[in-house]
K.L.:
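Here it is, the structure in full.
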Amino acid sequence: AAVAAALIPYCRFALRFGLADYPDRFRKLHRQPVPIGGAVLAAAVILFLPGIVLFRHWFAFPVELTVTQLLPLLIAAGFITAAGLIDDKWRLNGSVKLCCQVLAAFVITSFTNHPTSIIFFGLSVDLHHLFYPLAVFWLAGMVNSINLLDGADGVAAATSFFLALSAALIACINGHYGAALCSFCLAGCLVGFFLHNCPPASVYLGDTGSMFIGLVLGTLLLQSCAAPDGAVRICAPLAAALIPAVDVFFAIIRRINMSRPVFSPDRGHLHHLLYTKFSSEYLVLLFLVLLVFPGCAGAVAGTYYQNDSIPLVVSAAVLGIALVNDLFGRQELRMLFGRVKNIFRKRFNPERYIAKDGETYQIQGKGGWKPLWHRIVSTAKKQQCRKLCLMLNMPYRGENFFGNWENPESEYYETDVLVCRLDLAANGRSIGMLYAAFDRKNIDRRTVLRMVTELAADIEQRVAAA
């Protein structure tokens with residue numbers, strides 16, 4: 001912790017190389033460029049990990065960690081750190097980033113001796129070769145979970161600290177003292193980084209630090225939760241990583257249902273919703289810790305008592321409390337169930353679907369955009385519109401609205417329609433997108449363009465005046 005805290009201030013030199021998070025007046029609301037210090041954090045961790053192997057004979061307890069076991073993690077961590085640096089500097093495509101994450105996870109799973117059995121409620125299941133793709137999925141998921149959490153001051157660092165601490169305690173209980181020392185090392189470096197990353201942050205993790213932490217944490221949790229017989233108690237790591245994993249799950253649901261790319265950024269994550277609710281970065285950090293800590297404690301208790309019911313009950317309670325109090329996830333579940341309900345409604349009760357003007361979801365804010373949406377749909381229906389979609393995304397105002405309508409009486413084919421998509425802007429800022437598709441046989445291009453342009457102008461005026 002002391003070494004990391006001493007090294008982090010040198011991250012200010014990252015500004016000279018363009019390694020900074022710059023404000024954009026849209027999604028990123030800070031006013032000055034903030035240096036990215038993820039590489040320094042990674043260097044601090046990697047600096048200490050070989051020392052555990054070199055001085056393992058000095059400890060009073062057996063440390064089973066060897067160079068052969070540690071080397072795949074160091075290679076994969078170095079690779080993911082390099083990919084993160086490139087992304088922070090030049091912005092990699094989301095698919096390229098995912099390929100880098102999968103490749104790093106593949107290195108760890110291929111060159112490390114992992115057990116192939118899992119224990120679930122006392123039942124041992126041998127997955128054989130299926131274990132390795134599942135392990136790659138777990139590691140890539142952890143990388144993305146921590147990466148997506150890194151959107152508010154101190155959130156990713158504090159969450160990762162509790163995950164690393166729980167991994168260390170679980171490893172101690174299971175007798176994996178090498179993994180425990182590595183986890184304590186990571187937790188200490190996160191403490192040193194958090195001193196500079198807590199609100200107001202003077203340094204950010206960036207993709208470099210968040211992807212590095214996610215990969216190392218995923219590996220250590222997997223190794224720490226291995227029982228003495230070699231099988232992995234799967235409930236413990238799932239409970240510890242519950243909140244980050246569920247946040248990723250809801251993000252995927254939200255973006256797919258809003259017809260957006262899965263890798264596209266937004267401000268619908270848990271920490272963004274908490275900030276909208278409390279308007280305080282300190283309260284956001286406090287509530288996130290309160291949500292993450294029970295899962296970590298349940299994972300440690302479940303390992304100590306060898307009872308998978310403990311982490312399961314704790315996880316269900318935390319998730320239930322978050323949903324009931326509308327901290328996050330409620331709108332995404334409404335979108336999921338609403339989409340399924342409308343699929344059946346369009347097929348079996350199209351009159352009701354048409355009367356309800358499709359689907360509307362107020363993801364964030366209280367802008368009252370439904371009357372505007374109903375007026376747009378009414379205009380589009382008169383021109384026999386086949387599909388209409390409105391997306392309003394204004395994170396700087398805490399507003400995110402999505403409306404979707406399809407004509408259930410006609411099949412949608414790309415070859416039969418005229419499609420018009422307009423990006424919307426108001427007061428010099430992007431506010432969203434309007435998409436409309438019409439039957440090519442019933443309307444000409446000029447009419448489509450004129451009508452959609454008028455609708456877009458109406459929307460932009462409404463937003464500018466709000």
K.L.:
Can you name the closest pair of heavy atoms from Val318 and Pro294 and give their distance?
P.N.:
CG2-CB, 3.6 Å
K.L.:
Quick check: closest heavy atoms across Val262 and Arg255, and the distance to 0.1 Å?
P.N.:
O-NH1, 2.7 Å
K.L.:
Would you check if the side chain of Asn257 reaches a backbone N or O of Ile253 as a donor-acceptor pair within less than 3.5 Å?
P.N.:
yes
K.L.:
Within this structure, what is the CD1-SG distance for the pair Ile119 and Cys235, rounded to the nearest 0.5 Å?
P.N.:
10.0 Å
K.L.:
May I ask you to decide if Ala201's main-chain N or O and His196's side chain share a donor-acceptor pair within less than 3.5 Å?
P.N.:
no
K.L.:
Any donor-acceptor pair under 3.5 Å linking the side chain of Arg330 with the backbone of Leu323?
P.N.:
yes
K.L.:
Count the heavy atoms of every other residue, nucleotide or ligand shown that sit under 6.0 Å from CZ of Phe59, and state whether that count exceeds 12.
P.N.:
yes
K.L.:
Which atom names give the shortest non-hydrogen contact between Gly151 and His272, and what distance separates them?
P.N.:
O-NE2, 3.9 Å
K.L.:
Looking only at heavy atoms, which two atoms of Asp153 and Leu285 are closest? And how far apart?
P.N.:
O-CD1, 4.2 Å
K.L.:
Kindly compute the distance separating CZ (Arg429) from CZ (Arg397), expressed to the nearest 0.5 Å.
P.N.:
9.5 Å
K.L.:
Is it true that the side chains of Asp150 and Ser210 contain a donor and an acceptor less than 3.5 Å apart?
P.N.:
no
K.L.:
For residues 175-195, which side-chain N or O atoms pair as donor and acceptor with protein atoms under 3.5 Å away, sequence neighbours left out?
P.N.:
| unit_1 | atom_1 | unit_2 | atom_2 | d |
| --- | --- | --- | --- | --- |
| His176 | NE2 | Ala226 | O | 2.6 |
| Ser183 | OG | Ala179 | O | 2.8 |

K.L.:
With no hydrogens and no angle check, is any side-chain donor or acceptor of Arg254 less than 3.5 Å from a backbone partner on Gly268?
P.N.:
yes
K.L.:
Can you name the closest pair of heavy atoms from Leu221 and Ala167 and give their distance?
P.N.:
CD2-CB, 3.7 Å
K.L.:
With no hydrogens and no angle check, is any side-chain donor or acceptor of Ser117 less than 3.5 Å from a backbone partner on Ala231?
P.N.:
no
K.L.:
Assess the side chains of Gln69 and Gln223: does a donor N or O sit below 3.5 Å from an acceptor N or O?
P.N.:
no
K.L.:
Return the set of residues passing salt bridge (charged side-chain N to carboxylate O under 4.0 Å, His left out) with Arg56 (not counting sequence neighbours), or none when no residue passes.
P.N.:
none
K.L.:
Between Asp247 (side chain only) and His269 (backbone N and O only), is there a donor and an acceptor less than 3.5 Å apart?
P.N.:
no
K.L.:
Would Leu163 and Cys296 count as a side chain to side chain contact (heavy atoms under 4.5 Å, CB included) here? Give the steps.
P.N.:
CA-CA 6 Å; Leu163 288 173; Cys296 294; 3.9 Å; yes
K.L.:
Measure up the Phe13 and Tyr10 rings against each other and bin them: parallel (under 30°), tilted (30 to 60°), perpendicular (over 60°).
P.N.:
parallel
K.L.:
From Ile213 CD1 over to Leu220 CG, what is the distance, rounded to the nearest 0.5 angstrom?
P.N.:
12.0 Å
K.L.:
Under the side chain to side chain contact (heavy atoms under 4.5 Å, CB included) rule, what do Ile363 and Met335 come out as? Steps first, then yes or no, please.
P.N.:
CA-CA 9 Å; Ile363 309 299; Met335 292 177 75; 3.3 Å; yes
K.L.:
Is there a donor-acceptor contact under 3.5 Å from the side chain of Asn174 to the main chain of Ser224?
P.N.:
yes
K.L.:
With rounding to the nearest 0.5 Å, note down the distance linking CG in Leu288 to CG in Leu270.
P.N.:
4.5 Å
K.L.:
Compute whether any side-chain donor of one residue and acceptor of the other, for Asn404 and Lys387, lie under 3.5 angstrom apart.
P.N.:
yes
K.L.:
Between the main-chain N or O of Phe106 and the side-chain N or O of Thr109, is there a donor-acceptor pair closer than 3.5 Å?
P.N.:
yes
K.L.:
Output the distance between atom CE (Met211) and atom CD1 (Ile80), rounded to the nearest 0.5 Å.
P.N.:
4.5 Å
K.L.:
To the nearest 0.5 Å, how far apart are CG in Leu134 and CG in Leu130?
P.N.:
4.5 Å
K.L.:
Measure up the Phe328 and Phe250 rings against each other and bin them: parallel (under 30°), tilted (30 to 60°), perpendicular (over 60°).
P.N.:
perpendicular
K.L.:
Go through Trp369 and Leu372 one step at a time and tell me if the side chain to side chain contact (heavy atoms under 4.5 Å, CB included) criterion holds.
P.N.:
CA-CA 5 Å; Trp369 307 106; Leu372 174 65; 4.2 Å; yes
K.L.:
Sub-3.5 Å donor-acceptor pair from the side chain of Asn325 to the main-chain atoms of Leu327, do we have one?
P.N.:
no
K.L.:
Please give me the minimum heavy-atom distance between Leu85 and Ala39, naming the atom from each residue.
P.N.:
CD2-CB, 4.0 Å
K.L.:
List the steps, then state whether side chain to side chain contact (heavy atoms under 4.5 Å, CB included) holds for Phe402 with Thr360.
P.N.:
CA-CA 6 Å; Phe402 176 73; Thr360 57; over 6 Å; no
K.L.:
Does CZ belonging to Phe263 count more than 12 external heavy atoms closer than 6.0 Å?
P.N.:
yes
K.L.:
Looking at Phe401, is its backbone amide N or carbonyl O close enough to the side chain of Tyr361 to form a donor-acceptor pair, meaning the two atoms are under 3.5 Å apart?
P.N.:
no
